[in-house]
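All remarks here apply to the structure that follows.
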Amino acid sequence: HPLALGIHDLAIATGHHVLDLDDLAAANGVDPAKYHVGIGQDAFSVPAPDEDIVTMGAAAAKQVIDRHGVDGIRTVLFATESGVDQSKAAGVYVHGLLGLPRNVRVVELKQACYGGTAAVQMALGIIARDPSERVLVIAADVARYDVETAAEPTQGAGAVAMLIAADPDLIELEPQSGLFTADVDDFWRPNDRSTALVDGRLSVTAYVDSFIGAWDDLASRGGPGIEAIDRFVHHQPFTKMAIKAHRKLAQHVGVPFEETELAIGFTYNRQTGNTYTASLWIALGALLDLDDDLAGARIGMFSYGSGSVGELMTGVVRPEYQQHRRTGRVHELLAARVPLSVEVYRELHAAGAATSEDVERPRVTTAPFRFAGVSGGARHYE
Ligand code: CAA
């Protein structure tokens with residue numbers, strides 16, 4: 001047997017605050033069922049003024065480093081759509097905050113929500129070459145759209161850190177995957193904007209087309225048939241998106257579709273909102289934490305980054321994974337968030353645009369790391 005390569009650990013972090021979508025529905029004069037049922041979301045995380053992708057990414061990565069130490073880690077890959085600097089990789093700040101060794105390479109990856117999957121693929125390449133290495137992958141995002149738009153309820157914030165290693169505890173990632181790239185203007189963020197521009201309708205069809213295209217590519221490369229995949233998790237800009245895509249796949253391959261098949265993977269994302277690069281991996285975390293025994297089950301994982309790049313990977317859950325799952329921890333994290341009124345959320349939203357002006361941030365978050373502010377144009381964390 002070739003050596004198994006895959007996800008050895010997976011940890012989740014999110015923002016300090018939460019906005020209940022019932023409150024947003026009331027403020028926007030929308031039936032709350034549109035949000036809960038129509039798009040399949042209940043709430044979204046909002047970062048405190050002293051939080052960003054670095055603090056959330058570091059909080060997730062700290063859990064992984066606390067459990068496994070730094071041995072073998074020579075690469076840190078940080079994936080994000082919502083980068084804090086056009087030049088310096090966010091992972092370099094995380095490297096400093098966590099006190100990682102000097103003999104490490106660090107780089108940031110971008111392709112909308114797909115970047116985390118690109119990081120996982122790069123990590124697999126590195127450990128295939130030298131299985132004694134382990135790669136720290138961090139995916140963190142703050143999903144920001146303009147307020148009072150159709151996209152407003154699909155915002156969110158969160159991070160995932162994964163240790164990619166040989167002989168993994170959680171899930172072996174299989175070598176074949178299905179790929180699909182199409183140059184489409186469905187969602188993008190020009191360099192002078194801190195909120196994304198989106199063609200909502202186009203983005204939904206582009207996502208579905210990408211999923212089917214990636215499926216066909218996987219099939220043409222001898223990938224497993226639908227009957228050999230026990231569970232699916234998806235990138236979830238809003239959880240209803242996974243249902244739309246999956247319904248189309250069921251039609252495409254001619255099998256019946258039950259919406260409930262996907263529900264466990266929705267559990268955390270319904271509460272965090274869209275976390276762009278982290279979204280798929282948060283869904284995987286929910287499945288591993290909350291589903292019945294998945295030992296030996298094959299999971300299909302679909303990643304979509306607008307613009308657009310899609311990838312469908314498969315992985316097989318490791319026999320002893322239950323000893324390493326963290327059931328309960330994420331529920332505690334989500335329950336600990338401090339609720340915001342719509343008024344205060346909108347104030348934070350307006351103040352949330354990136355700036356190079358000198359500024360001090362108030363001390364709000366109770367997370368392990370905080371964004372202290374900007375001086376001399378540079379960001380400072382503690
Ligand atoms: N009760 C129950 N359901 C209701 C309802 C009610 N009272 N009122 C409306 N609905 C349903 C609608 O019927 C509709 O369902 P279907 O999609 O099944 O037809 C659903 O609620 C949404 O309603 P609309 O289509 O009217 O929604 P909208 O136009 O206001 O906005 C959206 C939806 C386009 C997704 C918007 O939220 C948006 O632009 N979001 C951001 C873009 C996005 O997330 N795109 C996803 C693919 S791109 C991607 O994946 C990358 C990424 O992360 C961004």
Side-chain angles (χ1 to χ4, degrees), residues 19 21-22 24-45 53 79-82 110-118 139-158 160 180-189 193-214 233-248 251 257 259 262 265-266 269-270 272-283 301-312:
L19 183 72
L21 287 188
D22 282 341
L24 187 65
N28 286 348
V30 167
D31 180 352
K34 175 171 179 182
Y35 296 163
H36 294 295
V37 183
I39 63 169
Q41 291 299 123
D42 299 322
F44 61 74
S45 294
I53 56 157
T80 187
E81 187 274 353
S82 37
K110 175 181 71 181
Q111 175 26 55
C113 313
Y114 170 74
T117 307
D141 268 303
V142 180
R144 276 166 58 81
Y145 299 97
D146 287 338
V147 300
E148 295 179 86
T149 61
E152 185 179 26
T154 67
Q155 298 177 105
V160 156
F180 188 85
T181 286
D183 184 356
V184 48
D185 292 329
D186 61 331
F187 164 110
W188 67 104
R189 190 165 61 79
R193 291 186 60 97
S194 72
T195 51
L197 296 173
V198 64
D199 180 337
R201 299 291 150 114
L202 179 61
S203 75
V204 169
T205 55
Y207 180 120
V208 173
D209 291 348
S210 185
F211 183 42
I212 302 303
V233 282
H234 292 250
H235 166 57
Q236 289 170 170
F238 51 97
T239 65
K240 184 74 169 289
M241 186 66 243
I243 293 173
K244 287 174 184 284
H246 214 80
R247 184 182 292 131
K248 187 64 187 266
Q251 282 169 2
F257 170 56
E259 283 189 16
L262 299 170
F266 294 171
N269 296 67
R270 288 186 72 100
T272 60
N274 196 353
T275 56
Y276 292 163
T277 54
S279 168
L280 167 65
W281 310 104
I282 290 179
M301 292 163 273
F302 179 62
S303 177
Y304 176 73
S306 289
S308 68
V309 178
E311 179 158 359
L312 177 59

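Each residue takes its place number in the sequence, starting with 1. Order of listing sets the numbers, starting from 1, for every ligand and every atom in it.
The closest protein non-hydrogen atom to atom 43 (C) of ligand 1 is S203 OG, 3.7 Å. In this structure, atom 44 (O) of ligand 1 lies nearest to the protein heavy atom P237 CB, 3.3 Å. Nearest protein heavy-atom neighbour of atom 16 (P) of ligand 1: K244 NZ, 3.3 Å. For atom 25 (O) of ligand 1, the nearest non-hydrogen atom of the protein is R201 NH2, 3.2 Å.
Inclusion of S306 in the set of residues having an N or O under 3.5 Å from an N or O of ligand 1 is not warranted. Below 3.5 Å of separation, one finds no N or O of D186 facing any N or O of ligand 1. Ligand 1 has no nitrogen or oxygen under 3.5 angstrom from a nitrogen or oxygen of Y207. Residue-to-ligand polar distances place N274 within reach of ligand 1: an N/O pair is separated by less than 3.5 Å. An N or O contact shorter than 3.5 Å is missing between Y304 and ligand 1 by distance.
With hydrogens and angles disregarded, no donor-acceptor distance shorter than 3.5 Å links the side chain of Y304 to the backbone of P237.
Taking every heavy atom of T154 and a limit of under 4.0 angstrom, the matching atoms of ligand 1 come to 37 (O), 40 (N), 41 (C). Interface of D31 with ligand 1, defined as ligand atoms under 4.0 Å from a residue heavy atom, comprises 7 (N). Contact atoms of ligand 1 toward F187: 54 (C) (distance under 4.0 Å to a heavy atom of the residue). Using a 4.0 Å cut-off to heavy atoms of V198, the atoms of ligand 1 that qualify are 42 (C).
Contact between Q236 and ligand 1 is absent, with no heavy atom of the residue lying under 4.0 Å from the ligand. Ligand 1 is never approached by E152 to a heavy-atom distance shorter than 4.0 Å.
With a 4.0 Å heavy-atom cut-off, ligand 1 is reached by the side chain of C113 but not by its N, CA, C or O.
Looking at A242, A150, G310, G200 and measuring to atom 34 (C) of ligand 1, the nearest heavy atom belongs to G200.
Rounding to the nearest 0.5 Å places OG1 of T277 at 11.5 Å from CD of Q111.
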